[in-house]
Amino acid sequence: MQKSINGAILRKMILNGAKLLDTNKEHVDSLNVFPVPDGDTGTNMSLTMLSAAKEVSNCPSNGIDALCDAISKGALRGARGNSGVILSQILKGMTTVMASSQEITSKILAKALAAGTEIAYKAVTKPKEGTILTVVRAMSDHAKSITKKSIDVTEFLENVIAAGEETLKQTPEMLPVLKKAGVIDAGGRGLLIIFQGFYHVMIGQEDTNIAFDDTVGKHDRYDEQAHFDYNDLAEIEYAYCTEFFIVHLKKKTTEADIDRFRENLMTIGDCVLVIGDLNMVKVHVHSNEPGVVLTYALELGEIDRVKIENMLEQNRELIGRKKEDLKQYGLVAVCAGEGLTEIFKDLLVDSVIEGGQTMNPSAEDIANACDAVPAKDVFVFPNNKNIILAAEQAKALSKRNLHIIPTKDIPQGLSAVLAFNPEDTLDHNLTGMNEAIGNVKTGMVTYAVRSSQIDNFDLKEGDIIGIDSKSIVAKGEKVNNVTTQLVDKMMDSSVSNITLYFGNEIKEEEANAIAKELSEKYNRCDVDIHYGGQPLYYYIVSLE
């Protein structure tokens, strides 16, 4: 039995946890609550863990503090979707506690779980019980109770996983939507798979496969790959671009010291970025005195991964200039489908990130896209409720001032973009765009990927279904019929415009036929169609 965990074992645990989740991500995806082909909890959590594992693999030291820094940093940079962001926060809290130990005992692990639970709950505005949060809290509570007596870490992990499994089985009773769909919480299952990976390292069975009694049918998933090609377009005003991390901060260092450090940099340079906490600080500054910058930093802690670029020869004419070429506002949107991408670009959105259902961009992807926009303030339109948290996370990674407009779908995103006024103030734009979100109703037409009973519908695999912002409201065998049913359910006297964005499996003449039918039925409304080219959804419907 293993009584404690050293750095070498911790490294193996993270790598094996990531490997096991990657192997079983399809199963976790299949636990998606809604029977639509966008269940990507397992994929998002796997990508987050793989990012942490990559940082761990590149870490040259087996020191627990160095490994914890790599885990936290990698998870943050790779966090995708709500599940990935929450996982990154669990890992952040755990590593904050473990980093201060030479070896990790069961008592330290219990404290780490408590910290991870606390930070994860804080990351969610309105936490819901019956989710990954409930599972990690149950694991933490049980961990606290069993460490009152001496217990080795192998037995500890076995007991904590068992407590998590017991709570996971109860999630359908805590969250009605899970019970209706006949599934347990996907995020909770993903978390327990990771911990199973940890446990199998402790018992020397890293290559062991695990089995589940989660009786959920699997389905073929749309395998969309997002490609990102961003350039670093940061404005250059000084001769030297200096970037580094401050790690192992001195015990006497306070948050106030970090604030003073930031103020000192602003007196000798520009493009100052100082983010982080007492665990790690990331620094970026353009100055003519990189030596002075590093001297200031050494007063706070150790410096790591220093990169100094001499921009004097290539940019001599730019030295000393203010950011006169940096425009006030920039717009970044997320969407899937070439037609939708072109629509956003036609509305003068600076950058469109390819992503959405089945492929949520990470916090780092979003931050990179925003950094590539030459603007002081960048508005971000996630256009998917599962991307909003990652967009919020990108604030800590970006060099720009990011403002997240919480758009949950494409029509909300387009409505918000149309409300943008480049001549108006920041506050007025934020108010106007957030108000615009509430003026649009959104529906989507897709297909059921498995048989299920939900929202008073008995669904069979392959049924065409119409979904409004809250639930399934229509089903049938033909796309056209379900689309008109969906509009009927969403219609009220306030609607004057109906817009249909047809997907990559719909022909234009089919969309025209529906538009004609709706125009005749609702002659007071203007009906428009646009090619969206989106995968998975035959139509995205907008009513205003």
Side-chain angles (χ1 to χ4, degrees), residues 76-77 79-80 85 226 228-237 241 243 262 266 270-276 282 284-286 322-336 340-356 360-410 412-437:
L76 171 65
R77 289 177 173 172
R80 294 173 185 263
V85 170
F228 305 96
D229 184 18
Y230 305 124
N231 297 310
D232 183 4
L233 300 180
E235 293 295 317
I236 300 171
E237 297 199 16
C241 174
E243 292 184 279
R262 182 185 296 107
M266 293 178 70
D270 211 334
C271 295
V272 176
L273 175 70
V274 178
I275 59 173
K282 180 179 180 180
H284 171 279
V285 60
H286 291 177
K322 294 182 179 179
K323 294 184 178 180
E324 56 189 28
D325 296 330
L326 203 62
K327 63 182 181 178
Q328 181 64 46
Y329 301 125
L331 307 178
V332 172
V334 182
C335 75
L340 294 175
T341 297
E342 290 304 315
I343 292 172
F344 276 110
K345 288 182 177 180
D346 288 343
L347 294 176
L348 303 183
V349 170
D350 296 278
S351 178
V352 179
I353 305 172
E354 185 181 356
N360 297 157
S362 69
E364 188 172 28
D365 293 331
I366 296 170
N368 288 341
C370 293
D371 288 348
V373 177
K376 296 178 181 178
D377 293 282
V378 179
F379 299 104
V380 181
F381 308 90
N383 299 332
N384 186 302
K385 64 182 180 181
N386 203 35
I387 300 176
I388 293 175
L389 275 180
E392 290 287 351
Q393 203 84 1
K395 290 180 179 179
L397 302 175
S398 177
K399 304 169 187 177
R400 308 300 187 202
N401 298 319
L402 304 193
H403 307 278
I404 312 304
I405 310 301
T407 53
K408 297 180 180 180
D409 48 59
I410 295 298
Q412 283 191 353
L414 292 170
S415 183
V417 169
L418 286 169
F420 169 68
N421 182 355
E423 305 300 324
D424 212 339
T425 65
L426 175 63
D427 288 341
H428 283 174
N429 268 308
L430 288 172
T431 299
M433 286 189 282
N434 279 289
E435 287 178 352
I437 293 174

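The structure presented is a predicted model; accordingly, all values stated were derived computationally and were not measured.
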Participant: Ignoring hydrogens, what is the shortest heavy-atom contact between Ala416 and Thr407? Give both atom names and the distance.
Facilitator: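 Minimum heavy-atom separation between Ala416 and Thr407: CB-CG2, 4.2 Å.
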Participant: Of all the heavy-atom pairs spanning Cys370 and Val332, show the shortest one and how long it is.
Facilitator: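 So the two residues come closest at SG-CG2, 4.0 Å.
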Participant: Roughly how far, to the nearest 0.5 Å, is the NE2 atom of His428 from the CZ atom of Phe420?
Facilitator: 14.0 Å
Participant: Test of understanding: with side-chain hydrogen bond (donor to acceptor under 3.5 Å, both in side chains), list the residues that count as partners of Glu364, not counting sequence neighbours.
Facilitator: none
Participant: Between the side chains of Asn383 and Gln412, is a donor N or O closer than 3.5 angstrom to an acceptor N or O?
Facilitator: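 The answer is no; no qualifying pair exists.
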Participant: Write down the atom of Ala391, the atom of Val380, and the distance for their closest heavy-atom approach.
Facilitator: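 Minimum heavy-atom separation between Ala391 and Val380: CB-CG1, 4.3 Å.
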Participant: For Leu348 and Leu331, what are the C-alpha separation, side-chain angles and deciding distance, and is it a side-chain contact (heavy atoms from CB on, under 4.5 Å)?
Facilitator: CA-CA 8 Å; Leu348 303 183; Leu331 307 178; 5.6 Å; no
Participant: Would you say Asp350 and Pro374 make side-chain contact, with heavy atoms under 4.5 Å?
Facilitator: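 Of all side-chain heavy-atom pairs linking Pro374 with Asp350, none is under 4.5 Å.
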Participant: Under the side-chain contact (heavy atoms from CB on, under 4.5 Å) rule, what do Ile353 and Ile366 come out as? Steps first, then yes or no, please.
Facilitator: CA-CA 8 Å; Ile353 305 172; Ile366 296 170; 4.0 Å; yes
Participant: Under 3.5 Å, is there a donor-acceptor pair between the side chain of Asp371 and the main chain of Lys399?
Facilitator: yes
Participant: Walk me through it: do Leu430 and Ile405 pass the test side-chain contact (heavy atoms from CB on, under 4.5 Å)?
Facilitator: CA-CA 8 Å; Leu430 288 172; Ile405 310 301; 3.8 Å; yes
Participant: Of all heavy-atom pairs between Ile404 and Lys395, which one has the smallest distance, and what is that distance?
Facilitator: CG1-CE, 3.6 Å
Participant: Taking Asp365 for the side chain and Ser362 for the main chain, is one N or O donor matched with an acceptor at less than 3.5 Å?
Facilitator: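 Yes, Asp365 side chain to Ser362 backbone: donor-acceptor pair under 3.5 Å.
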Participant: So which heavy atom on Ala436 is nearest to which on Ser415, and how close?
Facilitator: O-OG, 3.1 Å
Participant: Report yes if the side chains of Leu426 and Lys376 come closer than 4.5 Å at any heavy-atom pair, otherwise no.
Facilitator: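 SC-SC contact between Leu426 and Lys376 ruled out.
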Participant: For Thr341 and Glu354: C-alpha separation, side-chain torsions, deciding distance, then whether side-chain contact (heavy atoms from CB on, under 4.5 Å) applies.
Facilitator: CA-CA 8 Å; Thr341 297; Glu354 185 181 356; over 6 Å; no
Participant: Quick one: pull up CG in Asp424 and CD in Gln328 and give me the separation to the nearest 0.5 Å.
Facilitator: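 Here the interatomic distance stands at 11.5 Å.
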Participant: Please report the shortest heavy-atom distance between Ala363 and Leu76, naming the atom on each side.
Facilitator: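 Taking every non-hydrogen atom into account, CB-O, 3.9 Å.
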Participant: Phe379 vs Tyr329 aromatic rings, parallel, tilted or perpendicular, using cut-offs 30° and 60°?
Facilitator: tilted
